[in-house]
Each structure stands twice: as C-alpha cells, then as structure tokens.
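Letters A, B, ... are given to chains in the order of the sequence lines, protein chains preceding strands, and every chain is numbered from 1. All values below were derived from every heavy atom in this structure, side-chain atoms included, with hydrogens, water molecules and symmetry-related copies excluded.
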Amino acid sequence: MTAAEPERVPFEEWDRPQEGWLLSGRCRDGDDRTLLLEVATRTLFPTMLVFSLYLLLVGHYSPGGGFSGGLVAGLAFVLRYTAGGDVGLGAVVTVRPPVLIGSGLTISVLTALVPLALGAPVLSSAKLEVVLPLVGSVSTQTSLLLDVGVYVLIVGVVLDLLRSLGSGIARDMRDAGERF
Amino acid sequence: MTTINVAMALTVGTLFAAGFYLLLQRSLMRVLLGVVVLGHGTNLLLQIAAGPPGAPPVLGTGNTDLITDPLPQALALTAVVITFALTTFLLALGYRSFVLVGHDEVQDDVEDRRIATQTMPSASLDEDHDHVERPGADSDDDAGDDETGGDETGGDETGGDEPGGDETGDVEAAAR
Amino acid sequence: MNNAAADPYAWLLALPVLLPLLGAAVTVIGSRSPTLQRVVGIVVLLAVSAIAGVLLVVSDGTGPIVAPLGGWAAPVGIALVADRLSSLLLLVSTLVTLAVLVYAIDQRIADYGRGTASTTFHPMYLMLSAGVSLAYLTGDLFTLFVAFEIMLTASYVLITRRTSAQKIRAGMTYVTVSLLSSLLFLTAIALVYAATGTVNLADLAGRVAQLPPGLATVLGLMLLLVFGIKAAMVPLHFWLPDSYPNAPGPVAALFAGLLTKVGFYAMVRTQTLLFPRDDPWTLLLVIATATMLVGALGALAQNDINRLLSFLLVSHIGFMLFGLAVFDAAAVSGAALYAAHHITVLATLFLVSGLITRRTGTVLLDRMGGLLRTAPWLAALYAIPALTLAGVPPTAGFVAKLALLQAGAAAGPWPTVVAGVVIVASLLTLYALARVWVRVFWGAPKAALPDDDPDDEVLVGTSRTPMPMFAATAGLVVVSLAIAAFAGPLTAVTGRAGVDLLDRDPYLVAVLGSGGDR
C-alpha cells in the first residue's frame, strides 16, 4: 500500500468517482505505472469514444450499430482501466454499472413498446427526416433509439466486467495481501 | 450451392473435435476454452449455411443478385453476443470456484459416489439408518466475501445476453 | 400492413416478454431499494398472468393469435404465435413463477429482514420469466434459441449466486451441460438453415417435408437430442438430480416447475409441426419407458428429499414423452394436460421440501421425523401435491394420467405396453412419496439440526414457518386443486390443442396467412 492509496471506502461506495476527469498524480501504485500507456490513453480515450458514437449513428445503413459502438466505447474504458487501475476508471465513470445496464435495457424495451401505443406492431420503426439550417436534410430511423439502448447497456456490461473481474479481483488480492 | 467447401468442412470438424475434447476436461478454464472453440465452430457452420461467399449484404453497394445471404450473419452475430456473455460468466464462475475451493475443477458428485458404494439399500420403510453418513464436501477455504464472483457478476449476464434478444429482432427484421 | 397485424389481440403478444424485461431493467436500476424490486416483480408477473389468461381465452375461441415483430410478416420477419398449448402453458408457468416469487420474497424477509436486497435475484428472476414467455410464444426456431439462452443465462446466475464451497460444483455441472446443449441447438439450427433456407417454424413445416427422408430424420433427431437434454429425458437426464437439489429452495422449485417443461414444449412444437408422423414413434416410446423407470427407481434409492423429488421429476418427464411418442391427438393433448399439472405440482413439492428443510435443518430423510405432530399443516401441504403427483383420484394428476392411459391403450399394442409401464411408474412414485411421508411426518419428533452449510444464502433449521411462505405454497396447492376442479373445461382445451397440433393447418394458416379466412 502506498501513500497514494485512498482511504478504504465502504463496499457499496467503492466504485464511486473520487477523481477528476483527466487524472494526473494519483493513479495506481507508483511501481506499476507506465508513462507510455498513460499518455497514449489520454490521446486515444476521447478518440475511441467519438468513434464509438460514429458507429452508433451510422449503424442503420452502414456497418456499425449499438452493439459494436458499445463495444468500442467499452474498450476505451478497458484501456483506461489498464492504464490507471480502478482509480483511473473511477475518475471517468460517474454512475454505477448496473444503473447503466438497466437504463440501456429500459430505453430498448420502451422503444419496442412505443409503437404498440401508436397502434403499430411491436418493434416497428419509422423514418424521421428533418431539414436543419446549414446542415441540410438529416434522416434517421426510430430504431436508432433501440441502438442507443443497446449501446448504453453494453457500456454498462463492460464497466461491470471491469468492476467485478478487474477491480474486484484486484481488491480481493490486495485484501489477501498479495501483490497485483 | 450444391458443392461443399471441403476446407471449411474440415475446419468446422476440427473445431468441433477440439471443442468437445476440451469440454470433457475437469478444469473449468478448459471447459471455457472448449465453449469458445465450439462457439467458433458453430458460427462458422452458420456462415457456411449461407452458401458460397458473395458481395457484402450492405444496402446500396451493388448488385443485389451477387450479395451473400445476410440472415446467417445476423444469426451468427447474435450467437457471438451470447457466447460473449457466457464466456464472461464462466470466467466469473471459475474465479468464484477458485476463491471458494482453491481450484476450478469440477468435482465428482459425492451423493452419487455414496449411493454407488452403498452396501445396504436404505429403501426400507420403517427403519432408521443413522449410520448413513453425509459425506459433506470439505470446506476448508471459505475465503473471500460473497459479493464478487457469484453475485455481482450476475448483473453482467443480463446485459451480455439481452442485446442478443433485442438485436435479433432488429437485425433480422431489417436484414430479411 | 398485413393480414396478421389486423388481429385485434396481437398487441398483447409481445407484452409477456417485454414487461418482464422492463421489470428486470427497473429492478437493476433500483437495486438499492428492496421494496421497489419486490413490488415491480409481483406487479409484472400479475400483469403477465392476466395477459396469458386473455390469450388463452382468445386463442381457444378464435384460433392462434399472430403478432409479426416490426410489422414484417412471416416468413420474412419474426412472428410471435399464441395458440392453445402455448397460452395454457404460459398461464400456468406465470402463475407458478408468481407464487415462487412471493415465497422467495417472504423467505428473504423472514431470514434477512425487510430492508435487505439482493442485487441480482429480482432482475435475473424476471429475465428468466421473459425467456420462458418468449420460448412459449415464438414462432421462429432461432428466436427459440435466443429465448432458451435468456432463460438459461438467468438460470445460471440464479443457481450459482451466493453459492457456497459445497454447492458450487453442482452449478458448474449444470452450466456446462446447458452450454453443451445450447451449442448443439445452434448447430442444429445451422444445419436446418443450410437444408431449408429458413428458420420460421411454419415455413419450415412445408420445406422439411420436401427434404430427403434421411436428412429430415437427422434434423429431427438433432432437435430431439437438444430438447431432450433440456427436458431431462433418459439417458440425458444425469445433470438434473445433481444440480437442482443444490439450488436454493425457491430457485429449485422454479427450475423444476418450468425449465424442463419448456424443453418439452419445444420438443412437442418442433416434432409435431416439422416432423409429423402417422403412427407411434418407437424410439421415443423406448426413451419414455426408460425415463419413467430410471427416474422412479432412482427416486427410491435417495435419502435426500430434494434429490428424490428430482428423480421423480425425471420420471414424470417420461409420462409426457409417452404422450408425444404415441403421436395422436388424444395422447398429445394428454401430455399437454400433464405438463400443465406437472408444472404446478413439482414446484409445489419443492417449495414444501424447502419448508420441511427449514424446520428440520437437513435434507436427509433419515435425520428427520415426527413433523406430523410438530407441523400438522405442513403435512397437509405435502400430502395434497404428493397425491396429485402420484395420480391418485380425484386429483389433477389422475385426470391427466387417465387421459394419457386411454390414449395409449387405444393406439396399438406397444403403446398399451408402455401404458402399463406408466402405471408401474405411478406406483413407484406413490411408494417413493409414501416413504417420504413415513420418514418425515411419522415417528418421534426430532430436534432440528444446525445448518450444515452456513455459507449459502438459505437458512435452515430455524424451526418456524413464516406465514407468507406457507400461504404462497398453499396458493400453488390451490392452483393444482383448481386444475382438478376445472378438469372438464381444461381437458376440452387441451383436447382441441392436441387436434390442432397434429392437424398443423390452423397454425400454418395463422402464421403464413395462406388460405383460410384469417
């Protein structure tokens, strides 16, 4: 345990964010830090998130979609975790993973249910087209919302994986007095 | 559509053989690898079921007569998602077993062994058989708290599995 | 739009799947609020029960209801279909799910207090319910696979969560065997698709008929194998008595009630729809005989009450397989009725076993005794489902078994012989259950033993039976009594269901819309 180790928090709170957006000084144990990876992560992390959003948005007509977008975003968080440990991960995630999973599932299921209320078969989708000033004509499908739900859900799943199979195991090992 | 791609058939066969072999091992890690390999085999089989390869089935990329059948790809995508979920689950289960009993091997069924070695039938109605011992598995290591492996990781499975359900509806409906 | 979407009740069809999914999502978000989780679970299952009731009435009155997902009509899109068989089983399953949920909630409250919540139990429970509903309602082979996966994945979590060192092995066996059957299922789907080019069940019915007979037989056998593992037919049953007894009480009850029957339902659906035959199926007759005898004889050797019940569960799967093997309308309808009764009665017996274990602190029959004096009401609660399972008149089990026997005896010499085996297996069942009665309820009362596995979630040997748990179990007993009381109308419904299943036309016309007025 180094001095940089934050004080023990109750189990329910341990995945709450305790750090700023782009962390600097306090990361994982000093011995384990790799400068190269941390710097690369700072560059790649936002880029990967933007790319995942791109995949999400083009998903209806081109290769991509909620699942692949969510996975790419999840990978960004995996990179973050690899570089900074659970402190680094906790710095960017402000909600608990189960909440993300639940919200994603809720969005998807509601998207499936809404057409019923409008008298259409379940899971129906419609094309939306709007003309925006300067941008021009933008068209999308209502099934994009379903993809958004899947995206959120997958991000939640990856975070939960990092939490239970990553930080969880690391924490167990720390508690058992082993070096990670 | 009438001929079989021998290389593919052999690959699928090899994957299945290796997968089943691994599935028969005691260690849960090898079982997990077996599931992954078998999953690849079945997904490849699904792809072969689509017939010979063709143009990518993406809207607006060319002649629709040349494109390959998109449905097996949608099916395989769903299957991949499901295998992904189950792989993570097995990882968590293996870790849990490691925490609880110190290894991840699937043990023999003690009750089965007891009945197999039983000398006297205990099926008679009116006697008590207090001599029958319950050979409880020795629980030497009960380390770790109960939250990490079994309980928390459970939440993942919802997620991992669900897009399977949701996406199928979407992808298949769109693809067909 | 298309013809099927015009069905006025079609909008109801997706709700039994989507409502539990939504409930699961809400309970995940609200995992810090036990009360919210409990209310959501019960409300959702109540709603699904009501919907299933409506579906049963409507589909019995006007024929199968079809809802195409996303407005894409079959065979291009995925269709949900509710006919008599699926609605009936959906209704019974949901009622059982609801009762077991109430029991589980009460157990949690009694043991750990009102304020504690489990993060995973309620979401997974509802997820499992969604998977079961989807399995009953889907009209698409691949969606059936997805439904099985949702159901099984939830069941993996339920059987291994909070597991202890003693019990984790059982969970591992269960998961491995289920995974194997899932992968085989996927392989079978790939082969079916390669041979026919479709995964829609109704569309498949026509296309399988055009295949060479050998190929069709192989596909049929692969599907039989896959669902046989899930339904625990001998010799693929080995995993069941190993894993179910090690699940926590309510979870074991849920699994025993639902999962094997969903496998059996899938078997009935695929075999009757895709691989119709005119005379009894010898292979399945043999398997049914083996299943009945192995299960019943296995039960006699057990000293653990839950293992005994698991073997009886296997044995009675054989009764249903017998109904399918005879392959005529009367026998299949008997099997449907038997499945409906079996779902309730097995879940009830496992719940009762949970109550017994709470009082005695052990699952071993030779360590308990005298409960008739210390807990007379528990004895009544055990006696009724036990007699029902054994098929003693005038219980529901008798009605269902009689339907099977009559159909078997009318179908030719070999089915008549197997019908004799049904009677033998029933007697063995009665004997095994009477043995439990003698060991548990008669004799001198014994002191409760201490919990031999304090690590797991279930507390036993507490020597008290909370009233709500008792009431939930009693509710299930009432359901099984109701099946007996309404045997007439129910037999009529399953009779029509059997005719429809063998006729196939109502289903095909409803889904594909070819011919007919629908």
query = Which answer fits Ile48(B), side chain, backbone, both or neither, if we ask what part of it has an atom under 4.5 Å from a heavy atom of chain C?
reply = neither

key: Neighbour count >12 (heavy atoms, 6.0 Å) for atom CH2, Trp442(C)   = no

task = Could you check if a side-chain atom of Leu186(C) sits within less than 4.5 angstrom of a side-chain atom of Asn43(B), using non-hydrogen atoms only?
result = yes

query = Side chain, backbone, both or neither: which part of Leu179(C) has a non-hydrogen atom closer than 4.5 Å to chain B?
reply = side chain

ask   = Between Ala49(B) and Ala190(C), which heavy-atom pair has the shortest distance, and what is it?
value = CB-O, 3.6 Å

Most contacts with chain C, counted as non-hydrogen pairs under 4.5 angstrom, among Val12(B), Leu46(B), Thr83(B) = Leu46(B)

inquiry  = So which atom in Ser164(C) and which in Leu100(B) form the shortest heavy-atom distance, rounded to 0.1 Å?
reply    = C-CD1, 3.8 Å

request  = Measure the CZ-CE distance between Arg96(B) and Met172(C) for me, rounded to the nearest 0.5 Å.
outcome  = 12.0 Å

ask   = So which of Leu183(C), Val175(C), Leu184(C) has the biggest tally of heavy-atom pairs under 4.5 Å with chain B?
value = Leu183(C)

inquiry  = For Ile168(C) and Leu93(B): C-alpha separation, side-chain torsions, deciding distance, then whether side-chain contact (heavy atoms from CB on, under 4.5 Å) applies.
reply    = CA-CA 9 Å; Ile168(C) 191 163; Leu93(B) 189 62; 4.3 Å; yes

task = Examine whether an atom of Leu152(C) lies under 4.5 Å from a heavy atom of chain B, and if so say whether it belongs to the side chain, the backbone or both; otherwise answer neither.
result = neither

task = Apply side-chain contact (heavy atoms from CB on, under 4.5 Å) to Phe89(B) and Val157(C), showing your working.
result = CA-CA 8 Å; Phe89(B) 177 77; Val157(C) 179; 3.9 Å; yes

message = So, taking the atom named CZ in Phe142(C) and the one named CG in Leu71(B), what distance separates them when rounded to the nearest 0.5 Å?
response = 8.5 Å

inquiry  = Working note: Ile82(B) + Phe145(C), criterion side-chain contact (heavy atoms from CB on, under 4.5 Å); need CA distance, chi angles, decisive distance, verdict.
reply    = CA-CA 10 Å; Ile82(B) 291 173; Phe145(C) 168 73; 3.8 Å; yes

note = Ordered numerically, the heavy-atom neighbours of chain C under 4.5 Å found in residues 30-39 of chain B are Val31(B), Val35(B), Leu38(B), Gly39(B)

query = Which residues, numbered in order, of residues 15-22 of chain B come under 4.5 angstrom of chain C by heavy-atom distance?
reply = Phe16(B), Phe20(B)

task = Could you go through the side-chain contact (heavy atoms from CB on, under 4.5 Å) check for Tyr156(C) and Leu86(B) one step at a time?
result = CA-CA 9 Å; Tyr156(C) 301 155; Leu86(B) 295 177; 3.4 Å; yes

